[in-house]
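Have a look at the structure below, then the notes.
Note that the structure is predicted; figures quoted are calculated from it, not measured. Counting starts at 1 for both ligands and their atoms, following the listed order.
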Amino acid sequence: MDATALWQRYQEWLYFHEELGFYLDVSRMRFDNAFVEALQPKFDKAFKDMAELEKGAIANPDENRMVGHYWLRNPDLAPSPEVTQEIVSVVEQIEVFAEKVHTGGIHPPKAPRFTDVISIGIGGSALGPQFVAQALAPDFPPLAIHFIDNSDPAGIDRVLTQLRNRLSSTLVLVISKSGGTPEPRNGMKEVKTAYSGQNLDFAKYAVAITMPGSKLDKLAESEEWLARFSMYDWVGGRTSEMSTVGLVPAALQGIDIRAMLEGAKIMDDATRIPSIKSNPAALLALSWYFSGNGKGEKDMVVLPYKDSLLLFSRYLQQLVMESLGKEKDLDGNIAHQGIAVYGNKGSTDQHAYVQQLREGVPNFFATFIEVLEDRKGTSVEVEAGITSGDYLSGFLQGTRQALYENQRDSIVVTIPQVNPLTVGALIALYERAVGFYASLVNINAYHQPGVEAGKKAAAAVLELQKKVVEILQAQSNPLSLEELAQKANESDKVESIYAILRHLHANGRGVVLEGNFAQPNSLKVSLN
Ligand SMILES: O=P(O)(O)OC[C@H]1O[C@H](O)[C@H](O)[C@@H](O)[C@@H]1O
């Protein structure tokens, strides 16, 4: 396509939302009108499915749940006045709580103010709060946030060591929708131990964010934690940023949560329009479908040209991959759906993997996120008439062009600034695009059956560990791994037993391994 035709195509497909100052450019996705027309019936169904979902239909049949994250930013849409009222009052409670924490109305037992907050959670209970903190927290927030999002002891130590002199003024959020996920449970126990170690009463510092009646909720209630905020069963983990999960940490950092909700609401309104060309989420879903043939054949590379949006791709990784990565479609047929997502930020990544994007395997499409405002205030010139921001902008344009010249497609999302309104809008945009795409390819975007398999297997490993340690305790002579496996009646699990023992051995947990470590079969194991 020559430059004039491309400029024409750019204008023909450009989406602009005036109130948000938001643009979406899909002109460099090389679909034609015939493709769009062919997809129209699928879109008609997607728009209909979405309208049903918003009215409270059971859109997640496997878990028999409604899917209501859209109600969070427009409570009047909720299917009953009680739900509407609850959503409204929870936001008020969050604001009151944050205000009291900021002004010292709620304060730690031994200090006038909380200075820091540790947020413990994983998956949907971490990625949204992390993304939003990076994007929107002020440079000097009223409370500085620290995340524990793993069961990694060294990672936990790092946070606790850095905070050791401020633990007595550090609030702790334990965030888990189900209230039974092992990683946040472990994080909570570790943090609790650190508080006891400094003679601090953990309950006076701890806040639970979870579904009413969950294990975590019961614990927080019985121990009389400082506060409890409830999470709804009709909000999925990966779409929970606008629920208590995301709003409590955001409000504590002084982020304007009303503006986030407003941005999401405006984008929700814009993406409710049942017309592909006038609906930015539909345009995204169309582009994804085109690029990967409706089968996820191409990866989504997300490149925000703005440091504060660094974690957007990580956030989208869960939203997109956990929602779309499914073995079966809604009719029970094997479908193996999904779209792989990765990326960090530009121009940084141009000096890492953009070489492959431009010249290597053409198995992706790029999404550039452009922010029009360079910074608050004026910029110095790094050369005559040119600022750092001009460079960043030029790098984005240049990479987009270089990719296109080599038949690599891309989308550009443009926002005026990174602020609570636009971040709320971005989140809402992708939530809706994922919902549409799921309809196009006929899958349930709102469950995650595959995650269970890994969790169950991990639980079985821990059971096996307890069993082999018990056998070793009753044993006076060293055993080979196979002998041990036989005694445990787990002969088919020698490799797993080996991995367990090697880990215990490396951590001074009383396991002695002797023999040739290059030949695990030669090893003898005993306890010291
Ligand atoms: O918030 P939680 O219930 O602790 O869940 C945290 C995460 O755990 C699971 O592995 C799910 O696959 C995620 O969707 C969820 O966000």
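Checked options Leu429, Leu421, Thr414, Thr422; the residue passing with Phe22 is Leu429 (criterion: side chain to side chain contact (heavy atoms under 4.5 Å, CB included)).
Taking the centre of each ring, Tyr342 and Tyr353 come in below the 6.0 Å mark. Proximity of the aromatic rings of Tyr430 and Tyr315 is defined here by a centroid distance below 6.0 angstrom, and this criterion is not met.
Nearest protein neighbour of atom 10 (O) of ligand 1, counting heavy atoms only, is Val451 CG1, 3.2 Å. Nearest to atom 6 (C) of ligand 1 among the protein's heavy atoms is Ile122 O, 3.3 Å. For atom 14 (O) of ligand 1, the nearest non-hydrogen atom of the protein is Glu322 OE1, 2.7 Å. Shortest contact from atom 16 (O) of ligand 1 to any protein heavy atom: Gly124 N, 2.7 Å.
Proximity of Lys455 to ligand 1 is established by a heavy-atom distance of less than 4.0 Å. Heavy-atom distances between Glu183 and ligand 1 stay at or above 4.0 Å for every pair.
Ligand 1 has no nitrogen or oxygen under 3.5 angstrom from a nitrogen or oxygen of Pro184. Close N/O approach between Thr181 and ligand 1 is found [any backbone or side-chain N/O within under 3.5 Å].
With 3.5 Å as the limit, one finds no donor-acceptor pair spanning the side chains of Asp409 and Ser291.
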Please tabulate, for side-chain N and O atoms in residues 131-147, each donor-acceptor pair with protein atoms closer than 3.5 Å (sequence neighbours left out).
residue	atom	partner	partner atom	Å
Gln134	NE2	Asp307	O	3.4
His146	NE2	Asp116	OD2	2.8
His146	NE2	Ala144	O	3.4

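A salt bridge links Lys466 with Glu463; the closest basic N to acidic carboxylate O contact falls under 4.0 Å.
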